[in-house]
Amino acid sequence: DRFFVFWSDPRHDPAPETCTRCLSELYVAIYDASGTVLVPDTRLTTSSGSTTIASLVAVAHPTSGEVAITWTDSGDRQVHVGIVGPSGAMRDAQVVSAAMAPQRGNSPHVVWNDGWTILYRHDDPDGARPDYLHTRTLSSDGTLSADDDLSVPAEQIALASRGALGHATITTGGSALALRLWDPSWTATTTLPITSGTFDGTRGLGWDGTSLYYTSSDLSVNVVRTNGLGTETGRVALTSDPGERGATDLTMHVIGSRLVFEWVHATVVAGSVVHHRIQVIDTSSF
């Protein structure tokens, strides 16, 4: 019944006028459905040194009114998680990744599936070792399960829960995109190549309880529907505009029977112009 808005900014940096994002902290504000402020700006982290908070991803508990928030911290180069309640207070803030230097933890995603499931990547900045996907589960009481190295050398793009069926990811290991289906214990059951699409850092992926949806782009920007086993059952072209086929920040949200898409594209006409598009379709479109 409320919106949690998370962001980071450097307002508490000792000298913000001379330091660009040297100390960036995590904040939250909470609103009701009409936009009325329920909890004003609240600082959630208190870093002591130079750090940048980035890659914020938040998912609500289905009944408790709490939200799990994950982020990366440039200070310790790790993925963090915390649980924020309706009052704006954060509890059980802790480090999720366990990457040793020169590696770092990054690219966190989180979904609800009988607990908050967190998927993230251990990354080696100098490229000497593969980037491997890792996962952990955060229970409602703040307990983190043991780290599970999936031994999949891949860039993580998107994560969705399939309920009792497990999870789905869209990943690439430096080759074509692939839709990978996992059972609840994170054993890969099916890996399907996505022939249309390239790695752009983002990809929409969602589950509505019956079907799995993901975004793809070749001669048009598409949304593809599959059944729970990954077999394609339909697709809808969102746009075939040449400028939009190179869309970045292409995301999708499943809200009831509606699919909400967001993406960014640029045009170069009398200077570069960046466009932000939102499009909504109903699943009956397939």
Side-chain angles (χ1 to χ4, degrees), residues 1-6 31 33 55-70 107-120 135 137-138 156-171 177-184 186 189-190 192 194 196-197 200-217 220-239 244 247-264 276-286:
D1 62 349
R2 61 193 62 200
F3 296 95
F4 289 66
V5 182
F6 296 94
Y31 304 83
S55 303
L56 309 179
V57 184
V59 170
H61 187 287
T63 58
S64 72
E66 294 187 311
V67 173
I69 174 75
T70 66
S107 303
H109 277 242
V110 60
V111 294
W112 175 264
N113 195 350
D114 293 329
W116 286 289
T117 299
I118 306 164
L119 188 70
Y120 53 96
T135 183
T137 297
L138 176 68
Q156 181 212 333
I157 300 174
L159 166 68
S161 166
R162 296 184 298 143
L165 291 174
H167 300 86
T169 61
I170 295 179
T171 59
L177 288 168
L179 175 67
R180 192 183 302 266
L181 306 183
W182 306 84
D183 68 13
W186 283 99
T189 58
T190 306
L192 304 172
I194 300 175
S196 55
D200 61 10
T202 55
R203 189 66 53 175
L205 178 66
W207 171 259
D208 67 0
T210 303
S211 299
L212 192 67
Y213 302 89
Y214 67 85
T215 58
S216 186
S217 58
S220 61
V221 178
N222 307 293
V223 55
V224 181
R225 183 183 66 192
T226 78
N227 61 20
L229 300 178
T231 302
E232 183 174 333
T233 58
R235 66 173 57 210
V236 173
L238 303 179
T239 178
E244 297 189 54
T248 61
D249 298 311
L250 179 58
T251 60
M252 175 181 63
H253 305 278
V254 180
I255 304 177
S257 65
R258 293 176 177 173
L259 306 178
V260 182
F261 304 89
E262 305 169 33
W263 67 89
V264 179
H276 297 261
R277 180 181 291 275
I278 295 177
Q279 186 167 342
V280 181
I281 69 171
D282 197 275
T283 53
S284 61
S285 302
F286 290 84

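We number each residue from 1, following the sequence as shown.
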Could you tell me whether a side-chain N or O of D282 sits under 3.5 Å from a main-chain N or O of R258, the two making a donor and an acceptor?
no
Strictly distance-based, threshold 3.5 Å: is any side-chain N or O of T189 a donor or acceptor partner for the main-chain N or O of L181?
yes
Donor-acceptor pair between N222 and S216 side chains, under 3.5 angstrom
no
Do L259 and F286 have side-chain heavy atoms sitting under 4.5 Å apart?
yes
Which heavy atom of V236 sits nearest to which heavy atom of S285, and what is that distance?
CG2-O, 3.9 Å
Is there side-chain contact between L238 and W263, with heavy atoms separated by less than 4.5 Å?
yes
I'd like to know if the side chain of R162 reaches the main chain of L229, judged simply by a donor and an acceptor atom lying under 3.5 Å from each other, with no hydrogens or angles considered.
no
How close do A168 and L179 get, counting heavy atoms only, and between which atoms?
CB-CD1, 4.5 Å
Would Y120 and T70 count as a side chain to side chain contact (heavy atoms under 4.5 Å, CB included) here? Give the steps.
CA-CA 10 Å; Y120 53 96; T70 66; over 6 Å; no
Where is the tightest heavy-atom contact between T169 and L119, given as atom of each residue plus distance?
CG2-CD2, 3.6 Å
Would you please name every residue forming a side-chain hydrogen bond (donor to acceptor under 3.5 Å, both in side chains) with W116, sequence neighbours left out?
none
Distance in Å, S211 OG paired with E232 CD, rounded so as to fall on 0.5 Å steps
12.0 Å
What pairs meet the salt bridge (charged side-chain N to carboxylate O under 4.0 Å, His left out) rule with one or both residues in residues 56-70, with sequence neighbours excluded?
E66-R91
Taken to the nearest 0.5 Å, the spacing of D114 CG from T137 OG1 works out to 9.5 Å
If I take atom CD1 from residue I157 and atom OG1 from residue T251, how far apart are they, to the nearest 0.5 angstrom?
13.0 Å
Quick one: are V67 and F6 in side-chain contact, heavy atoms under 4.5 Å?
yes
Can you list everything that forms a side chain to side chain contact (heavy atoms under 4.5 Å, CB included) with T226? Sequence neighbours excluded, please.
L212, Y214, V224
Locate the shortest heavy-atom distance separating L205 from A158; write the atom from each residue and the value.
CB-CB, 3.6 Å
How far apart are the C-alpha atoms of L56 and I69, what are their side-chain angles, what is the distance that settles it, and do they pass the side chain to side chain contact (heavy atoms under 4.5 Å, CB included) test?
CA-CA 7 Å; L56 309 179; I69 174 75; 4.2 Å; yes
What is the minimum heavy-atom distance between A237 and S220, and which atoms define it?
CB-OG, 3.8 Å
Begin with the C-alpha distance, continue with both residues' side-chain angles, and end with the deciding distance and a verdict on side chain to side chain contact (heavy atoms under 4.5 Å, CB included) for R277 and F261.
CA-CA 8 Å; R277 180 181 291 275; F261 304 89; over 6 Å; no
So, R225 and T233: side-chain donor and acceptor under 3.5 Å apart, yes or no?
yes
Do the side chains of V221 and T215 get nearer than 4.5 Å, heavy atoms only?
no
If you look at every heavy atom in A160 and W207, which pair is closest and at what distance?
CB-N, 4.5 Å
Ignoring hydrogens and angles, tell me if any N or O in the side chain of S161 forms a donor-acceptor pair with the backbone of H167 under 3.5 Å.
no
